Number of protein chains: 2
Amino acid sequence: MEKTLEKNQFLFSYFEGFSNLSSQSRTALNNICSSVKIPKNKDLQAIGHTCRTIYFVKNGLCRVYYFKDGVDITESFAFENTLIARVESLFTGKPSKKGIQTLEDSEFIGIASQALFELYDDFPEVERLFRKIFELAYVDTVNRIESIQFHSAEERYKGLLENSPSILQRVPLKHIASYLGITQVSLSRIRAKI
Amino acid sequence: MEKTLEKNQFLFSYFEGFSNLSSQSRTALNNICSSVKIPKNKDLQAIGHTCRTIYFVKNGLCRVYYFKDGVDITESFAFENTLIARVESLFTGKPSKKGIQTLEDSEFIGIASQALFELYDDFPEVERLFRKIFELAYVDTVNRIESIQFHSAEERYKGLLENSPSILQRVPLKHIASYLGITQVSLSRIRAKI
DNA sequence: TCTATTATTTAACATTTGTAAAAGGAATCC
DNA sequence: GGATTCCTTTTACAAATGTTAAATAATAGA
């Protein structure tokens, strides 16, 4: 048991940034976690499936993506030490038209969402933890709207580099371009100008 | 008491769309609600203040707005029978650079946020209710990013008219334009073309 | 290593959107 | 009712971004 908790220690350190958990809650949470290793450029979650697992990125890197008129669009990136889920499916129970794909060999901790929601009944502090986690994720999303709508592509590119300095070394520019909402040609022009 | 609950009946009908509440929870919630009437074009919440109240729009209409480089930008609208709050302030405790302004004579039910968060300790079902409310609001926000980033201004305008057919009669076009992320001139061109 | 594939940049042109200024309409206030 | 203010459209031109295609550069596989 001690050993198992150790395996998920990074996840529980992440949780501690939000609130402290009783050992009962930690054990219960630990029991619904599983480890997943995925090589580079493979799907962690396929397009069309309903989101039934929340992932914590232990190491590596992935992106949420989908196809718009046949074009591959990156909705978001998830680096080490963050949670990733397709919330529009997780919270509605509907199939997601988005997938999650690794951009490096990666290791994840999967949290079974149905089991998690059942834990909420017995452990209010677990419900509270995830409430807080998703509240702050919601805030990030609200702030991103502002960034998309009222900053130029050049400003957004510079902002992305500031927030994720390693991204240029780890992510193809085509994904960065679609994440920024512009074409790869347009991103090339911006990079040439800077 | 009976009478007071009746006063907030629309709010509690709204809550029932998410989950059922015990009468104790309803009473506790009712005790932290207050009515607010604001005439047209006045601030319900001023720019710079920290969000300490979540509002339910009983009747009328308002918008969340802020200034970007001196230009008035509408972030969102809230019609009757919806909740409105500046979540980036509500969930972080930081002052908001956004304000809430009425676009018609309006009536609101204010829910004191600090008191609400304290209710969470005694009434897990209240915490759960608001968790669900904000989860779905989060989903809406994720979907809006997609709409902003990957639909043309014309598509977004048409989509807005579909979702809120009354908006043209109730909201000046300049606010609709900034909500769509375009200038008023550009919106005029789109309207002329359609 | 050679080849094939993928990633990135560049160029030319089209389209969309922005900016600034002017003018017409609508609403509001005394 | 007239003046004023605000709202909306139109025009002309500038800037940003999209589209298509071609040219390099980098990477991965046989």
Side-chain angles (χ1 to χ4, degrees), chain A residues 38-43 61-63 65 67-74 77 101-105 145-161 166-194, chain B residues 39-43 60-63 65 67-74 77 101-105 145-161 166-194:
Chain A
I38 309 266
K40 182 174 176 174
N41 290 333
K42 297 293 177 202
D43 269 8
L61 168 62
C62 62
R63 70 184 183 113
Y65 73 103
F67 289 93
K68 151 94 179 167
D69 302 332
V71 179
D72 178 323
I73 303 284
T74 294
F77 299 105
Q101 185 192 53
T102 54
L103 294 170
E104 299 174 349
D105 294 348
I145 285 187
E146 203 181 307
S147 144
I148 294 172
Q149 204 154 17
F150 304 113
H151 291 87
S152 67
E154 184 176 329
E155 288 172 310
R156 276 177 277 143
Y157 176 65
K158 288 177 177 168
L160 180 64
L161 295 194
S166 71
I167 201 169
L168 283 185
Q169 284 74 53
R170 303 175 68 184
V171 179
L173 287 172
K174 61 176 179 178
H175 296 326
I176 294 177
S178 75
Y179 172 77
L180 292 173
I182 57 179
T183 60
Q184 195 175 350
V185 175
S186 196
L187 178 56
S188 258
R189 271 191 291 243
I190 288 169
R191 283 162 54 81
K193 202 174 65 179
I194 289 178
Chain B
K40 181 175 177 173
N41 289 334
K42 297 292 178 202
D43 268 8
L61 169 60
C62 62
R63 69 183 184 114
Y65 73 104
F67 290 93
K68 150 96 181 165
D69 303 332
V71 180
D72 179 322
I73 304 284
T74 294
F77 299 105
Q101 184 191 54
T102 55
L103 294 170
E104 298 175 350
D105 295 347
I145 285 187
E146 201 181 307
S147 143
I148 294 173
Q149 205 154 18
F150 305 112
H151 291 86
S152 68
E154 184 176 328
E155 286 172 313
R156 277 178 276 144
Y157 176 66
K158 287 177 178 168
L160 179 65
L161 294 194
S166 71
I167 200 169
L168 283 183
Q169 285 75 53
R170 302 175 70 184
V171 178
L173 287 172
K174 59 176 179 177
H175 295 327
I176 294 177
S178 73
Y179 172 77
L180 293 173
I182 57 179
T183 60
Q184 194 174 352
V185 175
S186 196
L187 178 57
S188 257
R189 272 191 290 243
I190 288 168
R191 285 162 52 81
K193 202 174 65 178
I194 291 176

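Everything numeric in this text was worked out from a predicted model, so none of it was measured. Naming convention: chains lettered A, B, ... in sequence-line order (proteins, then strands); numbering from 1 in each chain.
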| More than 12 heavy atoms of other residues, nucleotides or ligands under 6.0 Å from NZ of K68(A): is that the case? |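 Counting other residues, nucleotides and ligands, NZ of K68(A) exceeds 12 neighbours.
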| Counting only side-chain N and O atoms of S188(A), is one of them less than 4.0 Å from OP1 or OP2 of dT8(C)? |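 Checking S188(A) against dT8(C): no side-chain N or O falls below 4.0 Å of OP1 or OP2.
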| query | dT17(D) phosphate, OP1 or OP2: any side-chain N/O from T183(A) under 4.0 angstrom? | reply |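 Result: no.
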Nucleotide [N], atom [atom2] - distance to [atom1] of [X] in whole Å:
X: I190(A); N: dA16(D); atom1: CD1; atom2: C1'; result: 9 Å
X: I182(B); N: dT9(D); atom1: CD1; atom2: P; result: 11 Å
X: K193(B); N: dT8(D); atom1: NZ; atom2: P; result: 20 Å
X: R189(B); N: dC13(D); atom1: CZ; atom2: P; result: 14 Å
X: N41(B); N: dC6(D); atom1: CG; atom2: C1'; result: 11 Å
X: Q184(B); N: dT16(C); atom1: CD; atom2: C1'; result: 18 Å
X: L103(B); N: dC7(D); atom1: CG; atom2: P; result: 11 Å
X: L180(B); N: dG18(C); atom1: CG; atom2: C1'; result: 15 Å

| Between dT20(D), dC7(D), dT17(C), which one does the side chain of V185(A) approach most closely? |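 Nearest listed nucleotide: dT20(D).
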| query | Can you tell which of dG18(C), dT8(D), dT9(C) lies closest to the side chain of K174(B)? | reply |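 So the side chain of K174(B) is nearest to dT8(D).
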| Nearest-0.5 Å distance, CZ of residue R170(A) to CD1 of residue I176(A) |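 If we round to the nearest 0.5 Å, R170(A):CZ and I176(A):CD1 are 11.5 Å apart.
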| query | Which distance, rounded to the nearest 0.5 Å, do you find between the CD of Q184(B) and the CZ of R191(B)? | reply |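 The CD atom of Q184(B) sits 9.5 Å away from the CZ atom of R191(B).
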| said: Closest-nucleotide mapping onto DNA chain D: is S186(A) or L187(B) further toward the 5' terminus? I mean the 5' end. | reply: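 Closer to the 5' end of DNA chain D: L187(B).
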| Sub-4.5 Å side-chain heavy-atom contact between I194(A) and K158(A) |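 With C-beta onward as the side chain, the pair touches.
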